[in-house]
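Let me begin by presenting the structure, written as structure tokens, before commenting on it.
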Protein chains: 2
Amino acid sequence: MAFGSSSSASIADVAKLAGVSTQTVSRVANGSDAVRPATKERVLAAMAELGYRPSFAARSLRAGSYHSVGLAMSGDIAATGRRYQVEGVATAAAQHRYAMTLLQLPDDEATLSEASRRMSSLPVDGQILYLGSDPSDFASFEPPAALPTVIISTRHHSHCATVSNDQMGCAVSIVNHLTQKGHREIRFVGGRRDSYANVSRQKGWEQALRTRGLHVVEPFHGDWTADSGYELGARLAQDETCTAIFASNDAIAVGVIYALRDAGLRVPEDVSVIGVDDSLVGVIPHLDLSSYRFNGTRVGAIAFDLATNPPEGGEIPHILVPGTIVERSTVAQASR
Amino acid sequence: MAFGSSSSASIADVAKLAGVSTQTVSRVANGSDAVRPATKERVLAAMAELGYRPSFAARSLRAGSYHSVGLAMSGDIAATGRRYQVEGVATAAAQHRYAMTLLQLPDDEATLSEASRRMSSLPVDGQILYLGSDPSDFASFEPPAALPTVIISTRHHSHCATVSNDQMGCAVSIVNHLTQKGHREIRFVGGRRDSYANVSRQKGWEQALRTRGLHVVEPFHGDWTADSGYELGARLAQDETCTAIFASNDAIAVGVIYALRDAGLRVPEDVSVIGVDDSLVGVIPHLDLSSYRFNGTRVGAIAFDLATNPPEGGEIPHILVPGTIVERSTVAQASR
DNA sequence: CTCTTGAATGTTAACGTTAACATTTCTCAT
DNA sequence: ATGAGAAATGTTAACGTTAACATTCAAGAG
């Protein structure tokens with residue numbers, strides 16, 4: 001058992017103990033087959049005895065790359081909607097045997113340039129910036145030449161590749177889904193007005209309705225909670241013509257459903273309700289809620305690819321990843 | 001604008017362009033005040049022109065440390081219960097201006113030794129291992145001498161510092177809370193039997209009841225979902241004497257509440273219900289659920305401390321971090 | 001004008017690793 | 001035995017940075 005050796009043993013210490021050159025130790029450490037089994041044994045024994053740990057610093061200095069991708073974030077790692085994308089990047093990295101360096105920024109330093117500045121001195125070959133919906137320097141930010149940069153953002157950026165969930169597409173899909181079931185009076189119930197995602201969903205909904213020549217009723221907005229959904233749902237219950245409701249997230253959808261039921265309407269027989277994020281599975285008894293599930297895994301995978309293997313020239317990519325509808329409860333239009 | 005320079009500029013390139021020595025560039029890069037303003041200007045200009053990015057590899061090779069902590073995980077980063085601890089580590093790291101290297105392991109490689117082996121070649125000064133509830137090599141694992149190791153685990157380990165949420169303490173607190181309100185017939189509704197957390201909570205509940213000489217009724221177990229909670233709640237509704245229910249998580253608690261109400265009981269007037277994790281805030285209309293909230297931030301902070309600043313000798317720490325009860329709905333015992 | 005002093009800048013060496021090349025050792029056909 | 005060729009191992013140099021020390025320079029005192 002190692003004893004008192006303060007700093008870790010280097011390849012030279014191992015070499016000396018095993019009676020070989022450092023290069024041979026290096027070969028063993030990297031699994032080269034050009035080492036005699038007997039020698040290999042001795043080296044491995046020496047490594048074990050000294051508790052040898054290869055120096056990442058020296059290796060990557062030599063190699064000129066880190067085999068690691070950086071992810072800069074502000075706010076909660078695991079807030080709904082965010083978590084799957086973070087997980088997606090981590091999974092993509094794991095699959096490529098890359099490490100991932102996570103840099104969490106305090107909210108008051110959550111700008112692209114600050115994130116990039118900090119990331120520059122970390123061991124990463126590429127960076128993925130995933131800040132709040134709208135960092136203050138979004139337009140003016142220029143990525144460092146030495147570090148391939150990807151922004152997770154619904155907005156297009158003039159210098160950086162961008163990827164994100166397709167918020168507009170989400171709305172269009174949902175409207176599609178409902179119209180295919182015969183619904184023509186489809187209302188939108190929004191979350192916070194200052195949320196980019198919420199605004200995009202509303203925009204997509206409105207646009208999809210107009211394309212089809214359907215009736216657009218000015219939507220209500222709340223604050224993403226079920227209680228706010230309930231309140232807005234109670235108002236919508238007065239709307240005699242409405243047969244389908246698109247809620248901007250699942251909590252709102254749940255609130256709306258409860259309000260409709262409390263107003264004597266049947267869900268889904270009278271009114272179909274669908275949410276977004278598919279975040280409430282298993283959490284409410286006897287409630288199967290249809291929802292739109294984003295594909296965070298794919299967003300993460302694409303962000304990883306673009307950051308570690310940036311396209312040479314040409315267009316700057318702006319990729320919107322579609323999700324899918326998880327159908328559990330909406331029904332064909334019925335008369336009310 | 002930089003143009004075509006394939007690999008990043010080094011300190012030597014900057015020095016040459018600015019007409020100074022590399023040491024002066026180094027001084028500027030590290031904010032030393034022993035550089036004349038005019039010189040500093042020239043160096044900064046050269047850095048900007050070349051898109052200079054300091055080499056993490058060279059710096060840490062020189063320094064002998066990485067200023068970074070590793071977190072190895074298996075499974076979902078953001079599963080309930082896990083997310084706050086991950087976030088806690090990330091936050092602690094950010095506060096100390098450390099980076100965090102996240103290593104995600106596929107489920108079939110989720111052993112402590114594999115995690116440690118992979119982490120050994122990453123740029124970290126210490127590692128935090130946070131695998132599933134019970135990795136196969138928990139008992140036999142020996143941490144590498146060169147890498148301070150902390151395991152996030154409720155179990156005690158003979159060679160590694162361990163930290164975790166105090167599951168037993170959670171149960172004891174909840175029983176305390178309910179007995180203080182006068183409840184004496186307190187039932188437990190469990191999640192999955194193969195979950196370490198669930199088993200600990202049950203054990204703590206049983207122990208706390210016995211200490212007080214209270215009646216212990218053999219608990220039901222389900223699968224963590226609200227539907228399973230509903231089913232078990234429906235059975236408990238038959239239990240005429242029960243006045244308080246401790247559900248092993250919030251979804252179960254919700255299921256139980258609905259079942260009790262459907263059986264004609266009032267919650268909380270007839271029966272108080274409390275859950276664990278405080279995970280359902282804002283997602284169910286008009287439902288304020290009392291819950292036990294773990295202190296993941298503190299678990300993360302302690303894990304970070306132990307990993308980056310390991311105690312010299314003496315006892316191997318095993319720290320259980322208590323959470324707090326978030327009281328929203330339980331009431332004093334009433335007759336039924 | 002010289003000397004002293006301190007500020008500014010430069011030089012050297014070392015951190016641990018591995019690609020590229022050089023050397024030694026082994027194996028086997030003659 | 002001998003030499004050719006292959007296999008195993010060794011040597012050198014370079015990756016980019018900065019601490020420690022060395023040198024140069026500027027400014028003020030005498």
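A, B, ... follow the sequence lines: proteins, then strands. Residue 1 opens every chain.
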Could you check which of [options] has an atom nearest any side-chain atom of [X]?
{"X": "B/Val35", "options": "D/dT17, C/dT9, C/dT18", "value": "C/dT9"}
{"X": "A/Arg62", "options": "D/dT9, D/dG16, D/dA14", "value": "D/dA14"}
{"X": "B/Ala34", "options": "C/dT9, D/dT9, C/dT17", "value": "C/dT9"}

Respond yes when some side-chain nitrogen or oxygen of A/Ser55 is under 4.0 Å from OP1 or OP2 of C/dG16, and no when none is.
no

A/Thr24 side-chain N/O to D/dG10 phosphate OP1/OP2 under 4.0 Å
yes

On DNA chain C, more 5' by nearest nucleotide between A/Ala29 and B/Thr22 is B/Thr22

For B/Arg42 and B/Leu61, take the nucleotide of DNA chain C holding the closest heavy atom to each; which residue's nucleotide lies nearer the 5' end?
B/Arg42

Reading DNA chain D from 5' onward, which residue's closest nucleotide shows up sooner: A/Asp33 or B/Ala57?
A/Asp33

I want to know whether B/His157 and B/Phe138 have ring centres closer than 6.0 Å.
yes

A/Arg298, CZ: over 12 other non-hydrogen atoms inside 6.0 angstrom
no

Reading 5' to 3' through nucleotides 20-27 of chain C, protein heavy-atom contacts under 4.0 Å coded B for base, S for sugar-phosphate only, - for none
B-----S-

Base, sugar-phosphate or nothing for B/Tyr52? Non-hydrogen atoms, less than 4.0 Å.
sugar-phosphate

